[in-house]
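Presented below is the structure to which this report refers.
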Amino acid sequence: MSEKIVLIDGHSILNRAFYGVPDLTNAEGLHTNAIYGFLNILFKILEEERPDYLTVAFDVHAPTFRHKMFSDYKGTRKPMAEELRQQVPVMKEVLRAMKIKIVEQKGLEADDLLGTIAGIGERAGMDVVILSGDRDLLQLATDHVKIRIPKTKQGKTEIEDYYAADVKARYQVTPQEFIDLKALMGDASDNIPGVPSIGEKTATKIITEYGSVENAYAHVEELKPPRAAKALKEHYDKAQMSKILATIEVNAPISYELSEAKIGNLYTEEAYEYFQKLQFKNLLGRFDVEAKGNQIENAFVRVTDKQQAEELFARAGKEAFVGVSFGKEEKDAVPLFSHSSGFGSVGLAFSEKEIYTIVAEGELTMEDLFSLVETLAKTTVVALFDVKAALSYVRIEDPESCFDVGIAAYLLNPLKSDYTWLDVAAEHLSLLIDEKTEGYCRSCYEAYVIWAAAAVLEEKMKESGTEELFRTIEMPLLFTLFAMEQAGVRVEAEALRFYGEQLGTKIVELEKEIYAQAGEAFNINSPKQLGVILFEKLKLPHGKKTKTGYSTAADVLDKLAPEYPVVEKILEYRQLTKLKSTYADGLANYICADGRIHGKFNQTITATGRISSTEPNLQNIPVRMELGRLIRKVFIPEEGYVFVDADYSQIELRILAHCSGDQELIHAYREAKDIHRITASQVFHTPFDEVTELQRRNAKAVNFGIVYGISSFGLSQDLSITRKEASEYIDRYFETYPGIKKFLDDTVAHAKEMGYVVTLFGRRRPVPELASSNFMQRAFGERVAMNAPIQGTAADVMKIAMIGVHRELTERKMKSRLVLQVHDELLIEAYEEELEDVKKILKEQMEQAAQLDVPLEVDMHTGRNWYEAK
DNA sequence: TCGCTCACG
DNA sequence: ACGTACGTGAGCGAA
């Protein structure tokens, strides 16, 4: 059997992969989807063809000689998307790591290289296979040169194969004639002009009959239809030029040694490392080189003996820090006593070689192990994943004695969706662990990853300037949040049920009325059904559309409500069902036996540094509408206690004033209370006392907009004014506060240069959108860059305040406790006798949390329920 | 599971 | 010309 060579059109396949594979990025934010797609198709082809030689050809992005001649025509090629462009050099490195021959040559297109090498291969008696997404290559097909073109059909990649005969069968022309076909019909994607008014049909007809552009021209008088004859006569120069453009060079002067293209072992160590770095986990299975993991696994030891366990903990205590994990109960383990935590082992790692899993078995109980960990934390730093969760089992008092790996990873990149130890291993240790690993091995891995990652993460935090934030804010805060979760908030179940029932009655009434007016029953909560009823059956004027149908969002319906009573009813129905399902019924499900809701406060969710609240979300309890606000009456303190609610007054705007150093705004905040009125007065050049309500409202909207990363469109939407008017407001605002304008511009510029923005306390947020080739994405990036430092600094300040409040309450051994945080608001369940002290603490800690150039002001209210206290 | 809608700051 | 305000979480319907 003859030998075989596979030739790949690098850019073409990379390009296909880029658009065919959903966006992927690795830990460093590098886009990897095109590389991933390329490798997948490469492996597939290699398996199918089993070639002896392999070469990948790339274009060098400089004018090539064919196109230099006609620079008008090829000069307009679209620039490559940034997300793809950055993958090209990496792709080449990966191929080099796999010892795959790459050819690229200035002045030559990949086509020409492929054509020339195909010729070399064929003359050497080989079978040649060319892989490309570009049909131009079909002209190279012969009986021994096969062109393979991948196509996406219903999400699946199918490959069309063309030998010379197949080209003839598909296009009715030979590969040689295919060039002439192109010359006549042109190819917009390749900037080949072709002859105007001649399309695929006519071109095929002409070439099948005359075989070439030249011969067709020789017989131009007999050409049919006459229209084509006329076109060819007038544009023969274009046809000739197109033919040159379409012709692939098969004898280019290149130095190419077949021997260099011989396929060796693709699965080299370097390639393995690249695959790790790029996080192509399911491609790693192809490597049988010793995985990095194996060396680590050799150190894993399973321990069940109590004395041995104690010795290990004692040894671990002498190290600077120790990685600790908690493992699930083993099915076959037989503990003497049952334990409720669901854990059955502890992983312990304190060097590359000291990695253990200690299983609670026989005399050794889980409680023993927890207490060993507690003791350990007294002499060394215990690194854990999710310390807050661990605190339920292990009493650690001091934030300095532990290290939360998840939080550290979050601070280094807050954009990720989750921070599991497996993710951290891949991202920060380049260690890909099989998710299916179970038992003591898993527990050892986890402990090892925690131990190894803690050192790496600490170093990275120091480098990025986030270490202090971690140590002085995030770690202490976790203890505060833990206390808040434990405390929970009391909710009156009976009152909640009553509230829900009342809503239920009203909902049924509304339902009937809506059905009557619609003329039929339907599901009002289905935007799809509602859209059909409103805009098709009742023929109401529809506004914007969504991907799936008509928009029935509140702002659309609001505009219709005054004219159509049924719309009014629908809005009310929506409001009521929302209240019932999410709040009345929703919250009821979370009330525990102690009559309280113990929601979770998450520290590693938001991109900006805010805390998030889940199960249930206690940060979006209604307040804006009276009917919803009433639900706050069911949030009550324990007997003998009252609620104190304290919220920062316009903290974000104050932070903006401070960060920008804008004298006018700073002055305004030092002077008076009503900042929106001051803004209105200054922006609209109206005496303070003569500012109208409308002016004030507009100024307020602009103030909000500034914090969000202003855009005239957004503001116009909010105020229901034209973009032009909105734009004028913004201009006048920036004239009034030039410092703000400069600050926002500088922030965006910094973000573009560095790739991230930073808060007053060093919290970072990467803004990868700024490097996007997409206009919308970039504009979004700019708004994010403007907003994140402000929202993030406000979050930092609040966190500092929370730590301070919690510290004061606990150090003074007070009964009062922090129960909720709603971004700029704290709710304290205050023991009545401590009320005055609590108020003092809240005010003091919140207002002194940061020293800014403008005062931080706090509004406080007391009440017998949350409704009253707000 | 995804998109829509809507509750909050 | 593009089509948007920033940050969240939950419930629902439709596939």
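Residue numbers begin at 1 in each chain, while the letters A, B, ... track the order of the sequences. Only a predicted model underlies this, so the values are computations on that prediction, with no experimental measurement involved. These values consider heavy atoms only, across backbone and side chains, with no hydrogens, waters or symmetry-generated copies.
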Would you classify A:A779 as touching base, sugar-phosphate or nothing, given that sugar-phosphate means primed atoms plus P, OP1 and OP2, and contacts are heavy atoms under 4.0 Å? nothing
Looking across every strand, which nucleic acid part, if any, lies under 4.0 Å from A:T552 by heavy atom: base, sugar-phosphate, or nothing? sugar-phosphate
How many Å lie between CG on A:D585 and C1' on C:dC12, as a whole number? 13 Å
May I ask you to decide whether A:E847 forms a salt bridge with A:R654, counting only side-chain N to carboxylate O separations under 4.0 Å? no
Select base, sugar-phosphate, or nothing to describe what A:E615 touches, counting heavy atoms under 4.0 Å on all strands. sugar-phosphate
Check this one for me: any side-chain N or O of A:T582 less than 4.0 Å away from OP1 or OP2 of C:dG9? no
Would you mind checking if A:E520 and A:K537 are paired as a salt bridge, meaning a charged N to carboxylate O distance below 4.0 Å? yes
Would you say the side chains of A:S649 and A:D859 form a donor-acceptor pair under 3.5 Å? no
Among B:dT5, C:dA5, C:dA14, which nucleotide has an atom closest to any side-chain atom of A:Q529? C:dA14
CG of A:N703 versus P of C:dC6: gap in Å, rounded? 18 Å
Determine the contact category for A:N523: base if any of its heavy atoms lies under 4.0 Å from a base atom, sugar-phosphate if only primed atoms, P, OP1 or OP2 are that close, otherwise nothing. sugar-phosphate
Compare side-chain N and O positions of A:R783 against OP1 and OP2 of C:dC6 and report whether any pair is under 4.0 Å apart. yes
Categorize A:R624 for me: base, sugar-phosphate, or nothing, with a 4.0 angstrom heavy-atom threshold over every strand shown. base
How would you label the contact of A:N620 with the nucleic acid (heavy atoms, under 4.0 Å): base, sugar-phosphate, or nothing? base
Which of the following nucleotides, B:dC8, C:dT4, C:dC6, is nearest to the side chain of A:S711? C:dT4
Rounded distance (Å) that lies between atom P of C:dC6 and atom CD1 of A:I605: 20 Å
Taking the ring of A:Y733 and the ring of A:Y729, is the distance between their centroids below 6.0 Å? no
Given C:dA15, C:dT4, B:dA7, which nucleotide is nearest the side-chain atoms of A:M776? C:dT4
For A:G709, answer base if it contacts any base atom (sugar-phosphate contacts may also be present), sugar-phosphate if it contacts only those atoms, and nothing otherwise; contact means non-hydrogen atoms under 4.0 Å. nothing
If the threshold is 4.0 Å, N to carboxylate O, is there a salt bridge linking A:E501 and A:R497? yes
Any idea which of C:dC12, B:dG9, C:dT8 is nearest the A:S612 side chain? C:dT8
In whole Å, what separates the P atom of B:dC6 from that of C:dA5? 14 Å
Need one value for A:A785: base, sugar-phosphate or nothing, where a base atom within 4.0 Å counts as base even if backbone is also close, heavy atoms only. nothing
With a non-hydrogen cut-off below 4.0 angstrom, is A:R723 in contact with a base, only sugar-phosphate, or nothing? base
Rounded distance in Å - CD1 (A:I611) to P (B:dG9): 16 Å
Considering every strand and a 4.0 Å limit on heavy-atom distances, what is the contact class for A:V822: base, sugar-phosphate, or nothing? sugar-phosphate
Scan A:I621 against the nucleic acid and name what it touches under 4.0 Å (heavy atoms): base, sugar-phosphate only, or nothing. sugar-phosphate
For the P atoms, the ones on B:dG3 and on C:dT4, what distance do you get once it is rounded to whole angstrom? 14 Å
Contact class for A:F780 (heavy atom, under 4.0 Å): base, sugar-phosphate, or nothing? sugar-phosphate
